[in-house]
Amino acid sequence: MPMQPWFPDAKLGIFVHWGIYAVDGVTESWSFYNGEVTYEQYMAQLDGFTAARYDPGAWADLFVRAGARYAVLTARHHDGLALWDTAHGDLSVVGHTPAGRDLVEGYVDAVRERGLKVGLYYSHSDWSHPDYPTVRAPEHARPEYADHPHSEPAAGEPEDPDAWQRYLAYRDGQVTELLTRFRPDLLWFDGDWERSEEQWRTRELGELIAGHVPEAVLNARMMSLGDYATPEQGPPMRAPEGPWELCMTINDSWGFREQDTNYKSLRQLVRHFAETIGMGGNLLLDVGPREDGSIPQEQVDRLEGLGRWISTHATAVHGTVAGLPAGHHYGPSTLSADRRTLYLICFDPPREFVALRGLRTPVRRVTVVGTGTELRHRTVGGIEDIPGVLWIDAPAPADLDLDATVLALELTAELDLYEGPGRA
Ligand code: GLC
């Protein structure tokens with residue numbers, strides 16, 4: 001399947017990590033894996049997961065206000081708890097939590113109704129499933145599985161093939177449910193690192209997906225069948241090969257943790273977003289709703305702030321591709337799909353001028369995106385085919401954006417850059 005065109009133009013997606021970990025505010029799944037809490041303590045959170053204020057329409061409205069074009073919800077994390085009414089396995093919010101109902105359905109409908117693409121996160125690994133050969137450190141193994149042949153597989157220990165078959169059947173059953181019931185536009189796999197691609201049977205899984213939803217976009221944790229690269233938390237310094245998406249938390253946690261107040265500021269988020277799209281990627285910004293389904297105000301405010309910046313600068317965001325390589329402009333940039341308008345993003349208020357180097361194409365007009373104010377510009381220097389420097393008058397204070405100002409350069413032809421070492 002060629003990449004769906006909606007994906008590289010989406011620019012912003014919202015990642016939602018929602019699960020029982022929000023009850024006590026512990027790390028999603030990893031807290032019991034790493035022994036921060038026992039498995040029993042972790043699972044005791046089932047009783048506190050109410051979804052009492054869950055309003056998927058309000059979530060989807062917020063994602064629209066944020067300027068997102070897709071959302072990805074954790075349908076099942078490594079802890080094995082399904083957020084939908086699954087007929088496979090024994091662990092879902094329907095039968096095991098006071099929420100008592102399918103939570104994926106409302107999300108899918110609300111997101112889709114508003115024209116956003118629907119993404120579902122699904123972990124290959126399941127650290128609760130009795131047939132899953134967990135790689136949990138032996139000292140944290142669940143006591144009831146102490147004798148289970150695969151609760152703590154020693155290196156080189158042979159697999160129990162029957163158990164593994166059962167596990168794969170369970171996974172395939174769940175993925176089939178997600179595909180047939182929700183027809184996701186994107187499947188965001190995770191937890192691939194515990195097994196080889198052959199063990200996961202990704203080829204068969206890929207065929208299963210293609211048989212139901214051939215247009216579904218798959219992230220790189222679907223291994224060789226992934227459609228796009230999935231860097232996490234650390235911004236790449238050069239664009240990964242092909243389409244890509246940077247996933248990032250809004251504070252330091254994927255799921256809700258009251259004590260984590262280390263929120264990125266709106267300006268930091270605008271920077272991450274601009275730098276990501278300037279390198280041709282999407283930002284998948286994560287929020288963590290409380291156990292009752294409400295999204296903390298700090299997260300709402302940031303999403304809305306980012307949405308304000310995106311809607312003011314929509315022409316520089318949507319319908320654009322990666323901008324200039326480093327060194328031409330000291331900040332990110334994007335380029336219209338016809339390569340005739342260049343958008344320069346300025347994080348700090350420019351002093352006196354914005355200088356652009358190595359631009360061969362003549363510039364017809366420079367305006368401030370959002371206010372439309374035209375800025376004077378002139379090229380100084382250059383020799384033969386080596387261009388001089390384009391000096392653009394700095395925008396007046398009234399034309400500056402609160403978070404990042406964008407200048408639109410209308411070119412007289414397609415962008416043509418000089419990248420050489422200059423003339424001897
Ligand atoms: C990591 C973590 C997981 C989180 C994911 C999001 O893979 O295992 O907890 O959901 O990152 O990208």
Side-chain angles (χ1 to χ4, degrees), residues 7 10 12-37 39 42-43 45 68 70-83 91 93 103-104 107 119-129 132 134-137 140 171 174-175 178 184 186-195 197 200 202 217-223 226-236 240 243-257 260 262 264 269 272-273 276 281-289 291 295 299:
F7 183 82
L12 181 70
I14 304 298
F15 210 172
V16 185
H17 272 68
W18 194 30
I20 56 169
Y21 36 85
V23 173
D24 293 344
V26 296
T27 312
E28 71 295 337
S29 306
W30 290 100
S31 50
F32 72 84
Y33 182 99
N34 291 329
E36 288 159 38
V37 296
Y39 185 74
Y42 186 89
M43 283 298 164
Q45 295 177 104
Y70 65 112
V72 180
L73 171 66
T74 48
R76 178 169 79 54
H77 207 264
H78 318 316
D79 62 13
L81 179 71
L83 257 50
L91 199 52
V93 290
L103 301 174
V104 175
Y107 152 84
L120 293 175
Y121 166 112
Y122 185 83
S123 169
H124 292 288
S125 58
D126 180 331
W127 297 335
S128 286
H129 198 284
Y132 185 76
T134 178
V135 293
R136 197 177 317 149
H140 305 309
R171 180 208 56 186
Q174 288 204 325
V175 173
L178 294 177
L186 187 153
L187 277 173
W188 211 101
F189 285 100
D190 197 12
D192 54 307
W193 56 83
E194 293 190 346
R195 326 291 294 170
E197 177 141 25
W200 289 126
T202 50
V217 175
L218 307 176
N219 72 334
R221 294 177 197 172
M222 191 46 195
M223 307 173 96
D227 296 310
Y228 69 88
T230 317
E232 174 177 329
Q233 295 287 37
W244 61 281
E245 166 198 85
L246 170 66
C247 59
M248 187 177 264
T249 50
I250 200 161
N251 48 7
D252 289 333
S253 312
W254 294 105
F256 173 71
R257 308 190 77 188
D260 181 355
N262 196 24
K264 295 172 179 77
L269 292 171
H272 284 307
F273 178 68
T276 302
N282 289 349
L283 181 68
L284 183 64
L285 180 61
D286 179 77
V287 296
E291 62 73 25
I295 299 181
Q299 306 188 12

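Note that this is a predicted model, so its numbers are computed, not measured. Numbering of ligands and ligand atoms starts at 1, following listing order.
Between T27 and Y33, every side-chain heavy-atom pair lies at or beyond the 4.5 Å cut-off. A 4.5 Å side-chain heavy-atom check between R221 and W188 finds at least one atom pair inside the cut-off.
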task: Please report the C-alpha distance between T74 and W254 in whole Å, then the side-chain angles of each, then the deciding distance to 0.1 Å, and finally whether the side-chain contact (heavy atoms from CB on, under 4.5 Å) criterion is met.
output: CA-CA 10 Å; T74 48; W254 294 105; over 6 Å; no
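For the residue pair D79 and Y21, no side-chain donor N or O sits within less than 3.5 Å of a side-chain acceptor on the partner.
Within 4.0 Å of ligand 1, counting heavy atoms only, the contacting residues are F15, H17, E28, W30, H77, H78, Y121, W188, D190, W193, R221, E232, C247, W254.
Checked against M43 for a side chain to side chain contact (heavy atoms under 4.5 Å, CB included), the options L91, V37, L81 give a single hit: L91.
H124 pairs by the side chain to side chain donor-acceptor pair (under 3.5 Å) definition with nothing, not counting sequence neighbours.
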